[in-house]
Amino acid sequence: MRMVLLGAPGSGKGTQAKLICERYGIAHISTGDMLRAAVQAGTELGRRVKAIMDAGELVPDAVVLALIEERIAQPDCAKGFLLDGFPRTLAQAEGLEALGIDLDYVIEIDVPDEEVVKRLSGRRVHPGSGRVYHLLYHPPKEDCKDDITGEPLIQRDDDREETVRKRLEVYRQQTAPLIDFYRRRAQQGKVRFATLSGVGRVEAVQAEIRQILAGKA
Ligand code: AMP
């Protein structure tokens, strides 16, 4: 199974993606995670993209397309994969098609902007493990400390409120047109496309996605 999860930053894509990939045994490909890993490792790519990411802008299409092409060629993708945070522009979607990569499903998770701002600006992470907390919805046991190690939690630069608003604007302008793009592909019988609301419990959203994947929605 090859699928794309579309949705604004903070729509819960990453959380849902992990659950889907565990359930179906497919590879989870997050361009955001790959780029953050490059920044943390201080590679040449990381140095090139850090300022762009911190500003909430998009990394150039050619850069992410090259990452995706290389990643998809790896053996763990043979059984299928889920693309999380890619494609984010029409040029990336067209680039994916030009690589000859067909998709089975595109699922859009829809969440209102104000909910996204609440979710992301309260998010804190433990840099060492990637564990994610939320000041309101999933607070750590001790203020601003990781539950397991007691180490300090941080706010990702791109989760600051002004950056979140910028990322939402970028999403509406550059990524939302993909919804129509994939709707058209669905009309041509090339992919199955569905939209669902991402407001509500993680489990409820997951159940709805599974219904779609089972062809019952
Ligand atoms: P994410 O964790 O998916 O929200 O991605 C974090 C940041 O990485 C984004 O705000 C962009 O700066 C960059 N990024 C991730 N995926 C892409 C992509 N497909 N195209 C361009 N930039 C991306």
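Atoms within each ligand, like the ligands themselves, are counted from 1 in listed order.
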- Query: Got a salt bridge between Asp147 and Arg131, using NZ or NE/NH1/NH2 to carboxylate O under 4.0 Å?
  - Reply: no
Anything under 3.5 Å between an N or O on ligand 1 and a protein N or O? List each pair with its distance, or write none.
residue	atom	partner	partner atom	Å
ligand 1	2 (O)	Arg36	NH1	2.9
ligand 1	2 (O)	Arg36	NH2	3.0
ligand 1	3 (O)	Arg88	NH1	3.1
ligand 1	3 (O)	Arg88	NH2	3.2
ligand 1	4 (O)	Arg88	NH2	2.9
ligand 1	4 (O)	Arg167	NH2	2.9
ligand 1	5 (O)	Arg88	NH2	3.4
ligand 1	12 (O)	Glu57	O	2.5
ligand 1	16 (N)	Thr31	OG1	2.8
ligand 1	16 (N)	Gly85	O	3.4
ligand 1	16 (N)	Arg88	NH1	3.1
ligand 1	19 (N)	Gly85	O	2.9
ligand 1	19 (N)	Gln92	OE1	3.0
ligand 1	20 (N)	Gln92	NE2	2.9
ligand 1	22 (N)	Val59	N	3.1

- Task: Answer yes when Glu114 and Arg165 have at least one side-chain N-carboxylate O distance shorter than 4.0 Å, and no when they do not.
- Result: yes
- Under the 6.0 Å and 45° cation-pi test, does Arg167 pair with Tyr171? no
- Query: Any side-chain hydrogen bond (donor to acceptor under 3.5 Å, both in side chains) pairs touching residues 82-95, not counting sequence neighbours?
  - Reply: His28-Asp84, Asp61-Thr89, Asp61-Gln92
- Is any side-chain N of the basic residue among Arg71 and Asp76 closer than 4.0 Å to the acidic one's carboxylate O? yes
- Message: What I want to find out is whether Arg124 reaches Asp146 closely enough, with some N-O distance under 4.0 Å, to be called a salt bridge.
- Response: no
